[in-house]
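Order of listing sets the numbers, starting from 1, for every ligand and every atom in it. The analysis underlying the following values was restricted to heavy atoms, covering all of them including side chains, and did not include hydrogens, waters or symmetry mates.
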Amino acid sequence: MKQLFSGACLVGLTMLAGSASAQRGNTNAEYNANTRFEQMGTMLPTPNSTRAASGAPGKEYWQQRADYDIKVELDDEQRKITGSEMVTYFNQSPDVLPYIWLQLDQNLFKSDAIGKTTGTGGIDPAQGSSARGLSQIVNTDPKKYGYNIKAVKDAKGGALRYTINNTMMRIDLPVPLRPGQTAVFSVDWDYLITEYYGRSGYEFFAKDGNANYFIAHWFPRLCAYDDVNGWQHKQFLGQGEFTLIFGNYKVAITVPNDHVLGATGELQNPKDVLTAAQSKRLDQAKASFDKPVVIVTPEEAEKAEKGKPTGKKTWVFKADNVRDFAFATSRKFIWDAMNVDIDGKKTLAMSFFSKEGNPLWGQYSTQVVAHTLRSYGARTIAYPYPVAISCHATAGGGMEYPMISFNGGRPEADGTYSEQTKAGMIGVIIHEVGHNFFPMIVNSDERQWSWMDEGLNTFCQYLAEQEWDRNFPSRRGEPQEIVNYMKSAPNTQVPIMASSDNVLQFGPNAYAKPATGLNILRETIMGRELFDYAFKEYARRWAFKSPTPADFFRTMEDASGVDLDWFWKGWFYSIDAADQELTDVQWLAIDPMDPAITKAAAKAEADRRKRTLSVERNKTDIKQTVVEKIPEMNDFYNSYDRYAVTEADKKKYTDFVASLSEDEKKLFQSGKNFYTLNLKNNGGLVMPVIAKADYEDGSSEVFRFPVEIWRFNDKEIKKVIPTDKKVTRWTIDPFYEIADINADNNSYPRQAAQPTRFQLYKQRANPYAPQGPNPMQQQRQNKPSAVQGSQGRN
Ligand SMILES: [Zn+2]
C-alpha cells in the first residue's frame with residue numbers, strides 16, 4: 001500500500017496503558033481554557049411566574065386582548081380607505097393602565113416618517129439613479145399618505161384625548177383601566193392607499209385600467225402590552241414588522257359590486273355577494289378534498305374587468321382569536337378553493353388571482369396552500385382556522401397576515417414561465433401561508449425579533465419544500481447555503497439576536513441563518529427525534545401566546561434533554577463561523593513485538609537507509625577496496641549479526657504474550673490501526689466533529705463526535721480513531737452539515753486542487769466603445785467581467 005500518512009511508525013502496546021489520559025493530553029499545550037460550554041446564565045432573563053424556567057408559560061402568564069367591530073369602504077376611484085372601528089380592550093394584565101397605545105402603520109408613508117427620513121446612502125454618478133429612486137428622495141408624489149384620524153370617542157360618543165407620535169397614537173383614558181376591566185372606544189379614519197410596496201397597496205394594470213387591492217395594516221391596531229416590554233411601541237421604520245395581540249373580529253367591507261374579495265376569517269353573507277352559481281360552486285369546493293373547484297371563473301373575471309360596477313356590495317367576515325385582519329379585492333380576481341382535512345379539522349384552502357397569474361396560479365396555488373397546512377400541521381399544531389388564502393400580488397416576494405397572504409410569482413405576459421419562477425412562486429406561497437403558524441399563532445414580537453417568525457418559518461418552509469418535491473431548489477435551509485453569509489465581512493454582520501430594525505443583510509440574518517441553525521440542530525446536534533419533539537412542544541406551549549427567545553431556547557432544551565446553551569451563544573448571539581481544519585493525521589499501529597517480525601523489519605529498514613549516494617559511489621571507487629584485498633577483514637566486520645533472532649528474544653516475547661489476558665491478547669493481535677487526527681477550530685464557532693475514513697478497499701466509515709469534544713480546548717485538539725482497515729484519506733464534515741466556511745482544509749491528504757477557471761475571449765470588447773446612453777457606466781460594468789475567472793468559480 002502506498003504510504004500516505006506522515007510519521008507512520010510502530011509503537012509498543014505500553015502506549016495503551018496511557019488510556020484516557022493519553023486521549024485528553026497530559027501537557028498544558030493540549031488545553032485552551034474557554035467558556036463556550038458555560039450556561040447562558042444572566043444572558044437570559046430570570047424565570048418568573050409568567051415565564052417558567054422550563055420555557056413554558058408560567059402559572060400566572062397573561063396577555064391582553066382586543067376585539068374589533070369594523071366598517072370599512074374602498075373608494076376605487078380615489079384609491080382610498082375609509083373606516084370606523086369599535087374596539088373592546090380587555091385589560092388582562094395585573095397593571096393599572098392610564099392610557100392605551102395604538103399603531104398607526106400607514107404613517108410610515110408620510111413624507112416626514114422616521115423610516116423615510118433616516119434612509120442613508122449617496123448617488124453614484126457613474127451608476128446613475130433610477131427615476132423611481134430619485135422621485136422617492138425628492139418626494140414628487142403630490143398625494144398625502146398616512147392616516148387622517150377623524151375621531152376618537154368613548155362608548156357613549158364622547159371625545160377622547162389622543163396624541164400622535166409618528167406611527168403610534170396614545171389615547172388617554174378618562175379613568176385608568178384596572179386589571180380585569182374593559183375599555184370600549186371607537187376610531188374613525190381614512191387614508192390614501194399606496195402603490196403595492198411589498199406588504200400592502202394596489203397594483204394598477206394599465207392595459208385594462210383596473211387595480212388589485214391588497215389591504216393590510218389599514219386600521220389603527222392595539223399595541224401589545226406585556227410582561228416583557230410593558231407597551232411595545234417601537235416606531236414602525238419599515239423593516240421590523242408587527243407586534244400584535246389576539247382578539248375577535250367582525251369586519252364589514254364595502255367595495256364596488258363587481259369586486260371579488262378574500263379576507264381573514266369566514267364569509268358571513270355569501271348569498272349577498274355571490275351569484276347563485278358562485279354560491280353553488282363554493283359549496284362544491286367545500287366538498288372537494290383532492291382538487292380545487294373554481295368559484296369565480298377566468299371568464300367571469302375577464303368579463304368584470306371589461307365592465308363597470310353598478311353599485312356597491314358589503315362583504316361581512318368574522319374571525320376569532322386572530323392577531324390581525326387583512327383583505328384583497330379586485331374585479332379582476334379569479335377564485336378557487338378546496339377543502340383540507342387535518343386531524344378531522346376542516347379548512348378551506350383558497351386562492352385569489354388575476355389572469356396575469358395564470359396558468360401557474362390556477363394550477364398550483366391552492367394545492368400548495370393545502371400542502372403547507374398539512375406539512376406545518378404535522379410538525380407544529382393542527383391548523384386551527386377555517387380558511388387559508390393565497391392571493392397573487394405582483395411579481396416579487398410575499399407578505400403574510402392571519403389566514404391570508406399576498407404572494408409573487410408571475411408568468412411572462414404570454415403565459416410561459418421558467419422553472420425558477422415556478423419554484424419561486426411555490427416557495428413563497430409555502431412561506432407566507434406557513435407564517436400562519438409563526439407568528440400568527442405562535443405570536444412572537446416581530447418588531448423586536450425578526451428571526452422568531454422568519455427563521456422558524458423558513459426552517460419549516462425548507463422541510464415543506466422538500467416534502468413537495470425531493471428535488472425542490474430550496475434557497476435556504478441547507479448549511480452550505482449559509483456559508484457565503486457566514487464568511488462575509490464582520491462589519492456587515494450582526495448576531496441573529498439583534499433588534500429587527502438594526503439587522504444588516506436581513507435575508508441571510510433573519511431568515512436563512514436561524515433556519516439553517518435549526519436544521520443543523522435537527523440533523524447533526526440533536527437528531528430528528530429529539531428535535532421534532534421539542535420543536536412541536538414549543539409550538540404547542542406557545543400557540544395563541546407570545547413567546548420570547550428565552551422561551552424558545554429553554555423549551556428546546558427542556559423537552560429534549562440536550563444542553564444547547566453553547567449553540568445559542570455561538571449561533572444566535574455571536575457572528576462566529578465554523579471553520580474546522582484537519583491539519584495532520586498520524587498513523588500508528590501496535591508493535592507486533594515478535595522478534596522474527598520486528599528484527600526482519602528493522603534489518604530491511606537499515607538496508608534501505610544504507611542506500612545512500614556515498615555508498616553507491618564507494619562500490620566502484622578504487623580507494624575503497626581494503627575488504628576485498630584482505631578477506632579476513634570481511635569476517636571480522638561481519639561476525640556479529642545484530643538482526644539475528646536470539647533465544648533470549650524469543651523467550652521475552654513468549655513471556656510477554658503469556659502475561660496478557662485473553663482480551664488484551666485479542667487487542668494485541670488485532671492488527672488495528674490508530675489514527676491521530678489533529679483538528680483546529682479556526683472559525684471560533686464550536687461544532688460536532690464528523691470524520692469520514694476512506695479505506696483502501698474502497699469502503700468508508702463515518703465517526704461522529706459531539707461538540708463537547710472541544711470543551712477543554714476550543715482551538716486545537718487531537719483525537720485518536722482506531723480502525724481495522726487502512727485509511728487512504730480522512731475527511732471532516734463530509735456531508736457539509738456544519739456550515740464550514742472553508743472546506744478546502746477538511747481532507748487529509750488534501751484533495752487535488754481544482755483549477756480556477758478563466759474565460760478565453762476570441763476578441764476582447766473595446767471597453768471604450770460607446771454602447772449605450774452612458775458610456776462611463778458601460779466602461780465600469782465591463783471591467784469586472786474581464787476578470788471573472790478570479791472569483792474562484794470551480
Ligand atoms: Zn416571512
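- The two residues Asn407 and Trp361 come nearest to each other via the heavy atoms O-CZ2, 3.5 Å.
- Here salt bridge (charged side-chain N to carboxylate O under 4.0 Å, His left out) pairs that include residues 419-447, with residues two or more places apart or in two chains, are Asp105-Arg447, Arg323-Glu446.
- Excluding waters, the set of protein N, O or S atoms lying under 2.8 Å from the Zn ion (ligand 1) comprises His431 NE2, His435 NE2, Glu454 OE1, Glu454 OE2.
- Geometrically, Arg522 does not engage Phe535 in a cation-pi contact, judged by NZ or CZ lying under 6.0 Å from the ring centre and within 45° of the ring axis.
- Using the six-membered ring where Trp is involved, Tyr147 and Tyr191 have ring planes that are perpendicular, over 60° apart on the 30 and 60° scheme.
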Inset, instruction - Verify ring-ring contact (aromatic ring centres under 6.0 Å, His included) between Phe325 and Phe219, making sure each step is shown before the conclusion. - result: CA-CA 9 Å; Phe325 189 102; Phe219 59 100; 7.3 Å; no
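- Taking all atoms of both residues into account, the shortest heavy-atom contact from Ala578 to Met687 is CB-CG, 4.0 Å.
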